[in-house]
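Quick notes on the structure that follows.
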Amino acid sequence: MASRSGETSTTGPGGEALEQEQAAAVARRRNFAIISHPDAGKTTLTEKLLLYGGAIQQAGAVRARGEQRRVTSDWMELEKQRGISITSTVLQFDYGAHTINLLDTPGHQDFSEDTYRTLAAADNAVMLEDAAKGLEPQTRKLFEVCRLRRIPLFTFVNKMDRPGREPLALVDEIEQELGLLCWPVNWPIGSGDRFRGVIDRRRRQVILFQRGERGRQAQELKMTIEDPRLGELVEEDLLQQALEELELLDGAGADLTLEAIHQGDLTPVFFGSAMTDFGVHPFLKAFLDLALPPMARTSSAGRIDPLRSRFSGFVFKLQANMDPRHRDRVAFLRVCSGTFERDMVVHHARSGKAIRLSRPQKLFGQDRSVVDRAYPGDVIGLNNPGVFAIGDTLYQGRKVEYEGIPCFSPEIFSWLHNPNPSAFKGFRKGVNALREEGAVQILYDTDPGKRNPILAAVGQLQLEVVQHRLEHDYGVPTRLEPLGFTTARWVTGGWPALEAPGRLFNCKAVRDSWNRPVLLFKNSWNLQQLQGDHPELELAAVAPVVSGIEPIAL
Ligand code: G4P
C-alpha cells in the first residue's frame with residue numbers, strides 16, 4: 001500500500017488507536033461493482049455473494065427486496081409501471097476477515113449515467129458474462145469506463161450449467177475485442193448437463209460440485225488432479241479435454257501478477273454458475289485475494305492516501321425522493337481518506353462552506369440505518385438539501401478536491417418544450433436543478449434563437465425521470481421532441497478546432513453546459529465518415545471534468 005500522507009493527526013489522545021483502527025479497516029475493505037448485460041445473472045450472483053457473507057438468509061431475498069421497494073417507494077411510479085430498478089445502491093457485508101462493499105448498478109437495458117458514475121466510486125469491477133452469449137453491448141460500454149480508470153477487472157463466466165460457447169473462444173473474444181490479457185484462475189470441466197466442476201490452476205486442484213437445492217450452497221469436493229477417485233467421479237473425456245486446454249493456456253498465456261491485475265492489463269477469469277452455486281465460492285475467495293483495497297486517489301492536492309488521518313470523500317450520485325414520506329434527497333459519498341464520524345463538520349470544496357453531516361445513512365439495498373463511522377472504500381448516504389452536486393468533494397483539514405466525474409457520451413437527444421410560458425420560472429428552476437443533480441446532460445443549440453434546452457441522456461429512462469420530476473416536483477408538464485441523433489463527440493480543441501475545417505456534413509454542432517462544442521451524429525457511420533474526412537479534428541467520447549467554472553444555466 002502507498003505511504004501515508006505527511007499530515008499530522010489532530011485526533012489528540014487516543015489518536016494513535018484511531019489511526020490503527022483506520023489502517024485495519026482499509027486493509028480489510030474490498031469494494032467493487034458488477035458490470036454486465038441484463039439477464040447475465042447479476043442479481044443471482046449478488047444474492048449468492050450475500051448468502052456467503054451471511055447478509056441474507058435465503059435465496060430470493062434480493063428480489064423480495066425489489067418487490068418491497070416497488071410497494072413502498074414512489075421513486076418512481078416508473079419503477080412500478082416498468083417493474084425495474086433504477087436506483088444504484090450499495091451493499092456492505094463481511095466475509096471472513098474482509099468487509100465487502102458491492103456497488104450495485106441499475107440492471108435495466110435503459111441504464112443511465114448513474115451506472116457509469118458508480119464505476120468512479122469502485123476500486124474493482126467484476127465483468128459478468130453469460131457463457132452462451134459472451135461479450136454483450138452493455139458490458140462493452142461499461143468496460144470502456146473501467147478502462148478509462150484502469151481499474152482491476154475480474155471476469156466471471158456464468159451459466160456454465162447450460163450449453164454455452166467454448167471456453168477458449170470466450171477467453172479469446174475478451175483478449176481480441178477488449179485488448180485485455182486473460183488469466184483463467186479456474187477452468188471448467190465440461191459444460192451444460194455435463195458441467196462437473198473446475199480446475200483451480202494455481203493450486204492444481206480439482207473442485208467438483210454437487211448441485212445443492214435451488215438457493216442452497218452447493219457442496220464442493222476438492223482433490224488433487226492426481227487423485228485416483230477422480231476417474232470415478234468425472235468422465236475421462238471431459239477431464240482430458242480440460243487438461244489439454246489448460247496445457248494450451250499454460251503454454252501461450254501471460255503470467256498472473258498482481259501488478260498486471262491492478263493496472264487493469266490482465267483479467268483473472270472464473271467459470272461457474274451463479275444459479276446452481278457452482279464456482280461462486282472459489283471466485284469470491286480468489287477475488288478477495290487478488291483485488292485492490294482502497295487506494296490513493298488523485299486530487300488537487302496530489303494523491304491522497306486512504307490512510308491520511310483527515311476525512312475526505314466525493315459525491316458520485318444524487319438521488320431524489322427515495323423515501324416518499326420524507327420527500328428527501330440523498331447524496332452518495334465515497335469515503336476516500338480518514339475516518340468518517342457522525343455529526344462531523346466538514347468543508348464543502350466547491351462552496352467553501354462548513355457543513356455538519358448530521359444524518360449520515362448506511363444503506364443496505366433500500367434499507368437504511370444511521371451510520372456512526374465509515375472508512376475509506378465505504379459509501380454513505382447524506383441528506384442533501386440541494387447543497388451537493390455530482391463530483392463534489394467534502395474534506396477536513398488541508399483543502400482537497402478530487403478529480404470530478406466526467407460527462408459520458410449521451411446516446412439519446414430530445415428538445416425539451418415548456419408549452420406553458422407562464423410556467424417558465426418553474427421550468428428554468430427544474431431544468432437547472434436536474435442538470436446540477438446529474439439527472440441528465442443539457443445541451444444548447446448554437447443558434448441563439450433556439451432557446452429550448454436539449455436533453456441528452458445515456459438511457460431513455462433518464463428523459464422519463466426528468467419529465468416526471470419536472471411535473472411532480474416543479475409543477476411543469478413538458479413535451480419532448482426527439483432529435484434523431486445517436487452519438488455525441490466533444491471537440492477536443494474547442495471552438496477554434498471546430499471552425500478550422502470549414503463546413504462539416506452529416507452532423508450538428510451544439511454547445512454543452514460549459515460552452516464546449518459537441519458534435520451530434522445520426523449514426524456511427526456518419527461519425528466514421530467525418531473522422532475519415534477530417535483526421536485532424538480530435539473528438540472525445542468522454543468529456544473531461546471542468547473545475548472552477550460555473551455551468552451555463554437556462
Ligand atoms: P440480471 O440481474 O443480470 O438481469 O440477471 P438475473 O440474475 O435476474 O438472471 C437472469 C436469468 O438468468 C434468471 O432467470 C436467472 O435465474 C437466470 N440465471 C442466472 N444465473 C444462472 C445460471 O448460472 N444458470 C442458469 N441456467 N440460469 C441462470 P429468469 O427465468 O429470468 O428468472 P427466475 O425465474 O429464474 O428468477
Side-chain angles (χ1 to χ4, degrees), residues 32-52 55-56 58-70 79 82-91 102-112 114-115 118-119 125-143 154-165 167 170 186 188-198 207 209-220 269-284 365-366 459 461:
F32 72 101
I34 299 178
I35 63 170
S36 63
H37 196 80
D39 261 0
K42 182 159 67 78
T43 313
T44 314
L45 179 67
T46 301
E47 189 169 88
K48 291 289 145 55
L49 294 172
L50 295 179
L51 277 169
Y52 284 120
I56 55 171
Q58 63 183 67
V62 175
R63 277 178 215 285
R65 205 169 287 281
E67 292 299 325
Q68 195 185 357
R69 176 166 67 216
R70 263 166 240 147
E79 279 199 339
R82 310 265 293 252
I84 50 165
S85 155
I86 48 176
T87 48
S88 300
T89 49
V90 62
L91 303 164
L102 169 49
L103 304 172
D104 193 13
T105 47
H108 193 264
Q109 195 135 15
D110 278 340
F111 70 170
S112 68
D114 284 339
T115 317
T118 298
L119 292 172
V126 171
M127 178 164 78
L128 183 66
E129 272 192 24
D130 181 329
K133 297 185 174 153
L135 288 174
E136 294 184 83
Q138 194 156 311
T139 321
R140 284 195 177 90
K141 285 191 213 170
L142 291 164
F143 168 76
F154 296 78
T155 302
F156 187 90
V157 179
N158 192 28
K159 307 198 186 183
M160 287 302 293
D161 59 305
R162 290 229 299 245
R165 288 169 52 191
L170 291 168
N186 67 30
I189 306 173
S191 69
D193 285 349
R194 300 177 82 207
F195 181 48
R196 300 291 175 245
V198 293
I207 309 173
F209 297 98
Q210 282 154 359
R211 278 176 196 239
E213 278 173 51
R214 196 183 152 104
R216 297 254 168 258
Q217 295 180 17
Q219 301 290 319
E220 291 175 5
V269 181
F270 302 81
F271 291 82
S273 158
M275 191 181 82
T276 54
D277 211 354
F278 281 10
V280 177
H281 202 207
F283 161 72
L284 177 61
Q366 293 292 301
L461 207 58

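Start at 1 with the first residue, then count along the sequence. When a ligand or atom number is given, it counts from 1 through the structure's own listing order.
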Which residues satisfy the salt bridge (Lys or Arg N to Asp or Glu O under 4.0 Å) test with Arg162, sequence neighbours excluded?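 Checked Arg162 against salt bridge (Lys or Arg N to Asp or Glu O under 4.0 Å); zero matches.
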Asn158 versus ligand 1: do any nitrogen or oxygen atoms come within less than 3.5 Å of each other? yes
Nitrogen or oxygen of Met275 less than 3.5 angstrom from that of ligand 1: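 Yes; at least one N/O pair falls below 3.5 Å.
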Heavy-atom contacts with [X] under 4.0 Å: which atoms of ligand 1 show up? List them by number with element.
X: Lys42; result: 1 (P), 2 (O), 3 (O), 5 (O), 7 (O)
X: Thr43; result: 1 (P), 2 (O), 7 (O), 8 (O)
X: Ser273; result: 22 (C), 23 (O), 24 (N)

Does only the side chain of [X] get under 4.0 Å from ligand 1, or the backbone, or both, or neither? Count heavy atoms.
X: Asp39; result: both
X: Arg162; result: side chain
X: Pro38; result: backbone

Is there a donor in the side chain of Thr276 and an acceptor in the side chain of Ser273, or the other way round, less than 3.5 Å apart?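 Looking only at side-chain atoms, Ser273 and Thr276 do form a donor-acceptor pair, the distance falling under 3.5 Å.
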Listed by chain and number, what are the side-chain contact (heavy atoms from CB on, under 4.5 Å) partners of Thr155, not counting sequence neighbours? Met127, Val157, Ile174, Thr267, Val269
Would you call Asp277 and Lys48 a salt bridge, using N to O less than 4.0 angstrom? no
Non-hydrogen atoms of Pro167 and Pro188 that approach each other most closely: CG-CG, 3.7 Å
Ring centroids only, cut at 6.0 angstrom: are Phe156 and Phe283 within range, meaning strictly under it?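 Here the rings of Phe283 and Phe156 have centres that are less than 6.0 Å from each other.
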